Amino acid sequence: MLADDARKIAAAIEDRINTSAASGSKVTATVEIQTSQPDVIPGGAGRPTFIRYHIQITDGTRAATLDVGHAAALLEDVEPGWDPDRLFKAIHSRDVPVEEAN
């Protein structure tokens, strides 16, 4: 369920910015899935797997990785006419690092 939610949020952010952006730059939003297992396992227990979903947003020059909650809140704030610059300002204002894209 969280994977589907993350994909829907990523697609909605991408659609909102790309349909309203007047400039030629496009934003892509993809879902990253990270899994981990603890080093210490309680006796008699199976090894649990922790799954984290993140949404990576990039415009080719900048990139930011948000957890699903931050991305959902960002989606609620995105208004018609936002361009990638406005989007990344909003991301940065949430104390999410914005870095140079690879």
Side-chain angles (χ1 to χ4, degrees):
M1 175 118 165
L2 276 178
D4 290 338
D5 292 343
R7 285 184 192 98
K8 287 177 187 175
I9 292 167
I13 290 171
E14 208 174 89
D15 289 343
R16 246 181 236 181
I17 295 298
N18 291 335
T19 57
S20 65
S23 68
S25 61
K26 293 286 184 182
V27 169
T28 57
T30 55
V31 176
E32 293 182 346
I33 302 169
Q34 296 176 334
T35 61
S36 62
Q37 293 182 327
D39 292 333
V40 179
I41 303 168
R47 179 168 237 162
T49 300
F50 300 102
I51 303 172
R52 292 186 188 107
Y53 298 93
H54 299 279
I55 297 175
Q56 183 170 28
I57 300 174
T58 184
D59 68 351
T61 59
R62 298 166 285 193
T65 303
L66 295 88
D67 63 33
V68 175
H70 276 114
L74 177 66
L75 178 59
E76 289 178 13
D77 291 345
V78 173
E79 296 179 14
W82 277 27
D83 62 3
D85 289 334
R86 179 66 185 102
L87 176 69
F88 281 97
K89 283 180 187 175
I91 291 170
H92 184 66
S93 73
R94 289 173 163 67
D95 294 327
V96 175
V98 175
E99 302 170 346
E100 283 188 35
N102 293 335

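No experiment lies behind these values; they were computed from the predicted model shown.
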Taking side chain as C-beta onward, heavy atoms only, is [X] less than 4.5 Å from [Y]?
{"X": "Ser36", "Y": "Arg52", "value": "yes"}
{"X": "Glu100", "Y": "Thr61", "value": "no"}
{"X": "Gln34", "Y": "Ile51", "value": "no"}

Exercise. If only atom types and distance count, is the side chain of Arg16 paired as donor or acceptor with the main-chain N or O of Leu75 below 3.5 Å?
Worked result: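 The answer is yes, because a donor-acceptor pair under 3.5 Å joins these two groups.
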Exercise. Quick check: does any side chain N or O of Asp59 sit under 3.5 Å from a backbone N or O of Val27, one acting as donor and the other as acceptor?
Worked result: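 No; zero donor-acceptor contacts below 3.5 Å.
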Do you know which two heavy atoms are closest between [X] and [Y], and how far apart they sit?
{"X": "Val96", "Y": "Ala64", "answer": "CG1-CB, 4.3 Å"}
{"X": "Ala6", "Y": "Val68", "answer": "CB-CG2, 3.9 Å"}
{"X": "Asp67", "Y": "His54", "answer": "CA-ND1, 4.0 Å"}
{"X": "Pro38", "Y": "Phe50", "answer": "CD-CE1, 3.6 Å"}
{"X": "Val31", "Y": "Tyr53", "answer": "CG1-CD2, 4.3 Å"}
{"X": "Ala29", "Y": "Ala10", "answer": "CB-O, 3.4 Å"}

Exercise. Does the side chain of Gln37 come under 3.5 Å of the side chain of Thr49 through a donor N or O and an acceptor N or O?
Worked result: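 Gln37 vs Thr49: donor-acceptor pair found between side chains.
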NZ/NE/NH1/NH2 to OD/OE distance under 4.0 Å, [X] and [Y]:
{"X": "Asp85", "Y": "Arg62", "result": "yes"}
{"X": "Lys8", "Y": "Asp5", "result": "no"}
{"X": "Asp77", "Y": "Arg94", "result": "yes"}

Exercise. Which of these, Ile55, Ile9, Ile57, sits in a side chain to side chain contact (heavy atoms under 4.5 Å, CB included) with Leu74?
Worked result: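 Checked Ile55, Ile9, Ile57 against Leu74; only one passes side chain to side chain contact (heavy atoms under 4.5 Å, CB included): Ile57.
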Distance check, rounded to the nearest 0.5 Å: [X] atom [atom1] versus [Y] atom [atom2]?
{"X": "Arg86", "Y": "Ile17", "atom1": "CZ", "atom2": "CD1", "result": "9.5 Å"}
{"X": "Thr58", "Y": "Gln56", "atom1": "OG1", "atom2": "CD", "result": "6.5 Å"}
{"X": "Thr19", "Y": "Glu14", "atom1": "OG1", "atom2": "CD", "result": "11.0 Å"}

